[in-house]
**Student:** 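Sharing a structure, written as C-alpha cells. Questions coming.
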2 protein chains.
Amino acid sequence: MIDLSSLASTRQITLRTVMRILLDRGAVSRAELSRMTGLSKQTMSEVFRELEDGGWVQLAGRTQGSVGRSAATYEVCADRALVFGADVGGTKIHAALADMHGIVLTELIEPTDLRGGEHVVGQLARMSGALADAIGLPAERILAGTVGIPGAYDPRSRQLFMVPNIEGLEGTPLVDRLEALVGFDVQVGNDVNMAAKGEQWLGEGKDVDNFVFIAVGTGIGMGIISERRVLRGARGAAGEISTLPIGSDPFDGRSLRAGALETAIGSAGIRGRYEGSGGETGLTVREIFDRIGRGDAIAIATLDEVARALAQAILAVSAVIDPERVVLGGSIGARPELLERVRHFLDRCMPNAPHCTISELGSKAGLYGTLATSLDALRESLFQTPGYDIPMPGAKPLEQIP
Amino acid sequence: MIDLSSLASTRQITLRTVMRILLDRGAVSRAELSRMTGLSKQTMSEVFRELEDGGWVQLAGRTQGSVGRSAATYEVCADRALVFGADVGGTKIHAALADMHGIVLTELIEPTDLRGGEHVVGQLARMSGALADAIGLPAERILAGTVGIPGAYDPRSRQLFMVPNIEGLEGTPLVDRLEALVGFDVQVGNDVNMAAKGEQWLGEGKDVDNFVFIAVGTGIGMGIISERRVLRGARGAAGEISTLPIGSDPFDGRSLRAGALETAIGSAGIRGRYEGSGGETGLTVREIFDRIGRGDAIAIATLDEVARALAQAILAVSAVIDPERVVLGGSIGARPELLERVRHFLDRCMPNAPHCTISELGSKAGLYGTLATSLDALRESLFQTPGYDIPMPGAKPLEQIP
DNA sequence: ACATTTGTTCGACGAATTGACTAATAGGCC
DNA sequence: GGCCTATTAGTCAATTCGTCGAACAAATGT
C-alpha cells in the first residue's frame, strides 16, 4: 500500500533536493551546495558522482576571484529530459519541445489532419518524433507531454468531450492512445486554461498568484489561475463564462443554448448589433472594428457595448474569485481600443478593479502553457517540486511537542 | 537556507507516516503496519516504543479469531493534541475544542465583549482556557486554533480589515496578539469561508470536491471550496458576491457602494421591494416571509424576485467556477420556500444546474469550519513530511529513467 | 609565507534490513 | 481434554546504507 522503503530512500531525497536547487540556481559548486542543504561536503561529492554517472549534471566551470581554492561548478544537463507540448486548433497544430530549464528548443506548425480523431493522435505522435529529430536528440529523452484542445477532458472516463471544432475527437481516449504511441506520460488540457498557464509562465501572469485569462474571439472563454494552480471545477467547466447572465436575458431561449454573454458579444452578437443599429451588412468582426479608426459612429457604439458587457463580466468574475489581474487575449480581446474602453467602464462599476492588460504571448500562449504544464509534471515526478518554491513549514520533531 | 539534515530525519518521516495511518485507520497492530508501510517488523516495534513514550499512541486491545498468535493493536491517543475553534459574531462567540479525531469534546457560547478590539482577543484566550478546564485537560494540549470573523484578514500586514459588526477589531493584529496569549498557532478566516469549510467536513460538502456555500441573511456572501481547498483570491475577497451585477444596474451609484446583488436581495432590498409593491410597511424580512404561508400575494412575488436573482447569481458562479453543489445558509437562505423557487428558476436558465441544498449544520457550520481548519493545520504540522509526501505519485528512482 | 577555501579519506553513528529464534493462537487428531 | 502442527506476532544479533565530523591534502588570492 504505502511503500516507504522503496520510494523515499534517503539518497533519493538527497538527489532530488540537489537537482532542484541546481535547476533553480544554475551552476553551483559542491561546497556551496553543501552549505545550502546542510549536508556534509563528501556526501555532496558522492551525490555528484552519482548524478554525473546518470547524465543529470555536468561540469560547468570553476569559480574565480575569491580567496581560497577555486571550486568546480556543476550544472544540470538541461536536455537530459525533454518535455513536449502541443496546441491543437481547428486548423493548425503548434507543437514544441523544451528542456528542463524551460528553454524552447524547437517548434513546429502543421495543418491539423482534417480526418480528425485517430489521425490527429497519430499526427501528434509523429510531430513529437520529428521535433526530437530536428534537434538531434533521441525521442526517449521526452519524459512528459501535454496537449491543449478546444474542448474538455473528463479524467474519470479518460475521454474528450465538447470538441466541436475537430472532427472525431469527441469520445476519444486521447491520453491513453497517445501515451501508447509515444511512450511518455501525457496530459490534456483546455486550450484557454493552457493559454492562462502560458501567461503565468512567461507572460502577464509571471509575478501574480491569482489572475484570469479571458479569450474573446469567435466565442468567449476564461482560464483561471488561482493560488498558482489552474482551476478546473467539478466538470472541467470552470471559466466557461459564455453563460454569464450579462448582456442579454438569461431566461431567453437563445441565451439558454448559446449563453447570455456569448449571445451579446460573440462574433454573431457583434455583427447582429452592428447591423441592427444601421451599420453596413455582411462585414466580419474584424472589418467592423477596423472602421473604428475611420470614425464609424456605429462601430464605435458597438465597441462600447462589447466593452460594457465585458466590464460587467470582469466585475462578476472579480466578485466570485477576486483575481489580481485580468489578461485579455483572442482576436477581439487583444485589441487595444477594446482594452481602453473596458478600463473606462470598469472604473465606473467597481471601486477596486483588477488590473487589465493584453496578453503578452498572443497566439503562442496556449503552446507555452502546454510546455509549462509538462514541465510541472516533469518536475513533480522527478524532483517532487510542485510549484516553483520550496516551502518547508516549520515542522517540529514530534518529541519536542509539549 | 534549505536545511535538509534537521528537517527530514528519516525517523521523523517514519513516525509521521505511522501516525497518519493510525489516524486514518483507527486501531492497527504493529505487524499490520509493517506490511502496510513496507518497514520491517522491529523497526515498527522501535517506532511504537518511541510513540508510546511520547504519549502519542496507546494499547487498544488484541486481535482475535484468525489463525496464529494474536496481535496487540495500538491506537492514537486522540486527546494528546487538541484544537481550538471560535466563531466570532457581532453578538455571540461560539467556541469549541476537538481532539485529533475531530471529535468535538466541549463547546461554549458567550456574548461577544461589546467593548471590542483587545477585549475580544482576551475573551477568546480565556474561553480556550475555560474549555480545556471543562474537560479536565491541560491547556498546553491545544496545539492549533482558528478564529472565524465576519470580515477579512490580510496575511501580509497580519491585520484584520472590513469588520463592520465588531467594535475596534479593524486593524488589530489578531493573530499575533492571540498567539502571544494562548501559546498555540492561530489562523483567522472569514466566517462564510469557515461555514463552507464546516459543511465540507461534516455537512453537505462531505463527499464533494467542488462546492460553494452561499449565506443569505442581512448581507449575502459565499464561501468556495475548490478541489477541497478554501479559495481566498488575491485580496481575500473571493466569494464576495454582493457586488455581482445582477438584479440592479451595476453602473448605478447605489450599487457601486453596496453591490448590485446586495441592493436587490439584501434585507433592505427585500423590504423596499415589498413595500414598493404595496405591501405593509415596517415589517422585518422574517415577518414578510412568514406571510407567504398565509397567501400574501405581494410576499410571494417578493420571494420570487429574490429567488430569481439568486438563481442568476448561482448561474454566474457556475459559469465562473463550475461547482458540483450549492449549499444555501443564513437566516433567509435556509428557508425551504426559497430553495424551491431557486430550483425552479435555475432549471429555466441553466441546462446543467448544480445540485442545490440547504445547509446541514445551520448556525454551527462556522464553528465546525474553524475546528476543521485547525485540524488541517495540526495534521500538516505534525504528520506531514515537509516537502516529501510519502506516497510519491509515480516517482521512479532517478537512476531508472532512460 | 599565510590565510582561506575546496575536496578527499577514515572512523563512528543512527536507521533500517535480514534471518534466526521465541511466543502465542486456531484447528485437527487422538 | 491433551497434544501436535501450521501460522502469525514479536525480539535479538549481525549487517548495510547514508550521513557526519575531523583530519588532511590541494589550490588560490593577498
Side-chain angles (χ1 to χ4, degrees), chain A residues 2-19 27-54 57 59-75 397-399, chain B residues 2-19 21-22 27-54 57 59-75 385 387-388 390 397-399:
Chain A
I2 300 158
D3 198 342
L4 207 144
S5 51
S6 72
L7 283 172
S9 98
T10 318
R11 183 45 68 90
Q12 277 301 313
I13 295 178
T14 310
L15 291 174
R16 281 153 197 265
T17 306
V18 169
M19 281 300 286
V28 187
S29 75
R30 282 171 285 184
E32 178 74 19
L33 256 162
S34 163
R35 278 190 299 269
M36 282 197 281
T37 60
L39 291 158
S40 67
K41 282 188 294 176
Q42 91 292 16
T43 300
M44 235 2 111
S45 292
E46 281 178 44
V47 163
F48 271 83
R49 247 189 303 277
E50 257 180 86
L51 287 176
E52 209 171 0
D53 287 351
V57 303
L59 207 58
R62 304 192 72 84
T63 59
Q64 271 187 341
S66 70
V67 67
R69 177 174 170 179
S70 77
T73 58
Y74 287 80
E75 65 189 355
L398 283 182
E399 294 91 12
Chain B
I2 301 152
D3 198 340
L4 205 143
S5 50
S6 74
L7 279 172
S9 104
T10 319
R11 183 46 65 93
Q12 278 300 315
I13 294 180
T14 310
L15 291 175
R16 281 153 195 265
T17 306
V18 169
M19 281 299 288
I21 298 177
L22 240 39
V28 187
S29 75
R30 282 171 287 183
E32 179 73 19
L33 256 162
S34 159
R35 279 189 298 269
M36 281 197 281
T37 58
L39 291 159
S40 66
K41 282 189 294 177
Q42 79 286 42
T43 298
M44 239 353 117
S45 292
E46 284 175 44
V47 162
F48 271 83
R49 247 189 301 280
E50 256 178 88
L51 287 176
E52 209 172 1
D53 288 350
V57 303
L59 208 57
R62 305 192 71 85
T63 58
Q64 271 189 340
S66 70
V67 67
R69 177 173 170 177
S70 78
T73 59
Y74 287 81
E75 65 188 357
T385 47
Y388 325 94
I390 298 305
L398 283 182
E399 295 90 12

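A, B, ... follow the sequence lines: proteins, then strands. Residue 1 opens every chain.
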**Student:** Kindly give the heavy-atom pair with the smallest separation between A/Thr73 and A/Arg62, and that separation in Å.
**Tutor:**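 Result for this residue pair: OG1-N, 4.1 Å.
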**Student:** Roughly, in whole Å, what's the span from NZ in B/Lys41 to P in C/dT18?
**Tutor:**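 The distance from NZ of B/Lys41 to P of C/dT18 comes to 12 Å, rounded to the nearest Å.
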**Student:** Atom CE of B/Met44 and atom P of C/dA15: how far apart are they, to the nearest Å?
**Tutor:**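 After rounding, the reported distance stands at 14 Å.
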**Student:** Rounded to the Å, how far apart are B/Met36 CE and D/dA9 C1'?
**Tutor:** 15 Å
**Student:** Provide the closest heavy-atom pair for A/Ser34 versus A/Leu39 in the form atom of the first, atom of the second, distance.
**Tutor:**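 In terms of heavy atoms, the two residues are closest at OG-O, 2.7 Å.
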**Student:** So B/Glu32 and B/Arg35, salt bridge (charged side-chain N to carboxylate O under 4.0 Å, His left out) or not? Walk me through it.
**Tutor:** CA-CA 5 Å; B/Glu32 179 73 19; B/Arg35 279 189 298 269; 2.9 Å; yes
**Student:** B/Arg30 vs B/Val47, test: side-chain contact (heavy atoms from CB on, under 4.5 Å). Steps then yes/no.
**Tutor:** CA-CA 9 Å; B/Arg30 282 171 287 183; B/Val47 162; over 6 Å; no
**Student:** Side-chain N or O of B/Arg35 less than 4.0 angstrom from OP1 or OP2 on D/dA9?
**Tutor:** yes
**Student:** If you take all heavy atoms of B/Leu59 and B/Glu52, which pair is closest and at what distance?
**Tutor:**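 For B/Leu59 and B/Glu52, the tightest heavy-atom pair comes out as N-OE2, 4.4 Å.
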**Student:** Does anything in residues 27-34 of chain B reach DNA chain D, meaning a heavy atom under 4.0 Å, and if so which residues?
**Tutor:** B/Arg30, B/Ala31
**Student:** Nearest to the B/Leu39 side chain among D/dC20, C/dG7, C/dA16, which nucleotide is it?
**Tutor:**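 Nearest to the side chain of B/Leu39 among the choices is C/dA16.
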**Student:** To the nearest angstrom, how far is B/Gln64 atom CD from C/dA24 atom P?
**Tutor:**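 After rounding, the reported distance stands at 15 Å.
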**Student:** So, B/Ser40 and B/Thr43: side-chain donor and acceptor under 3.5 Å apart, yes or no?
**Tutor:**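 Short answer, yes.
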**Student:** Want to settle it: does A/Arg69 or A/Val47 sit nearer the 5' end of DNA chain D, counting the closest nucleotide to each?
**Tutor:** A/Val47
**Student:** NA contact type, B/Ser45, heavy-atom cut-off 4.0 Å: base, sugar-phosphate, or nothing?
**Tutor:**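 Here B/Ser45 touches the backbone only, sparing every base.
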**Student:** Hey, is the side chain of A/Gln42 pairing donor to acceptor with the base of D/dG18 inside 3.5 Å?
**Tutor:** no
**Student:** Base, sugar-phosphate or nothing for A/Glu46? Non-hydrogen atoms, less than 4.0 Å.
**Tutor:**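 A/Glu46: base contact, heavy atoms under 4.0 Å.
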**Student:** Name the closest nucleotide to the B/Arg11 side chain, picking from D/dT11, C/dA24, C/dA15.
**Tutor:**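 Of the options given, the side chain of B/Arg11 lies nearest C/dA15.
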**Student:** Between D/dT28, C/dT5, C/dA24, spot the one nearest the side chain of A/Arg62, thanks.
**Tutor:**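 Selected nucleotide: D/dT28.
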**Student:** Distance check: side-chain N/O of A/Thr14 vs OP1/OP2 of D/dG18, anything under 4.0 Å?
**Tutor:**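 No, because none of the side-chain N or O atoms of A/Thr14 sits under 4.0 Å from OP1 or OP2 of D/dG18.
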**Student:** Whole-Å distance between D/dG10 C1' and B/Phe48 CZ?
**Tutor:** 13 Å
**Student:** What is the nucleic acid contact for B/Ser40, judged by heavy atoms within less than 4.0 Å: base, sugar-phosphate only, or nothing?
**Tutor:**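 Here B/Ser40 touches the bases of the nucleic acid.
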**Student:** Starting from P on C/dG14, measure out to CD on B/Glu50 and report it in whole angstrom.
**Tutor:** 12 Å
**Student:** Go nucleotide by nucleotide along DNA chain C from the 5' end; which of A/Thr73 and B/Ser70 gets its closest nucleotide reached first?
**Tutor:**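 This one resolves to A/Thr73.
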**Student:** If we ignore hydrogens and angles and just use 3.5 Å, is the side chain of A/Thr63 paired with the main-chain N or O of A/Ala71 as donor and acceptor?
**Tutor:** yes
**Student:** Minimum heavy-atom separation for B/Val57 to B/Tyr74, with atom names?
**Tutor:**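 Distance-wise, the nearest heavy atoms are CG2-CD2, 4.2 Å.
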**Student:** Starting the side chain at C-beta, find the nucleotide from D/dG10, C/dA24, C/dA26 nearest to B/Val67.
**Tutor:** C/dA26
**Student:** Just call it for B/Thr43: base, sugar-phosphate, or nothing, with non-hydrogen atoms closer than 4.0 Å on any strand.
**Tutor:**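 Since a base atom lies under 4.0 Å of B/Thr43, the category is base.
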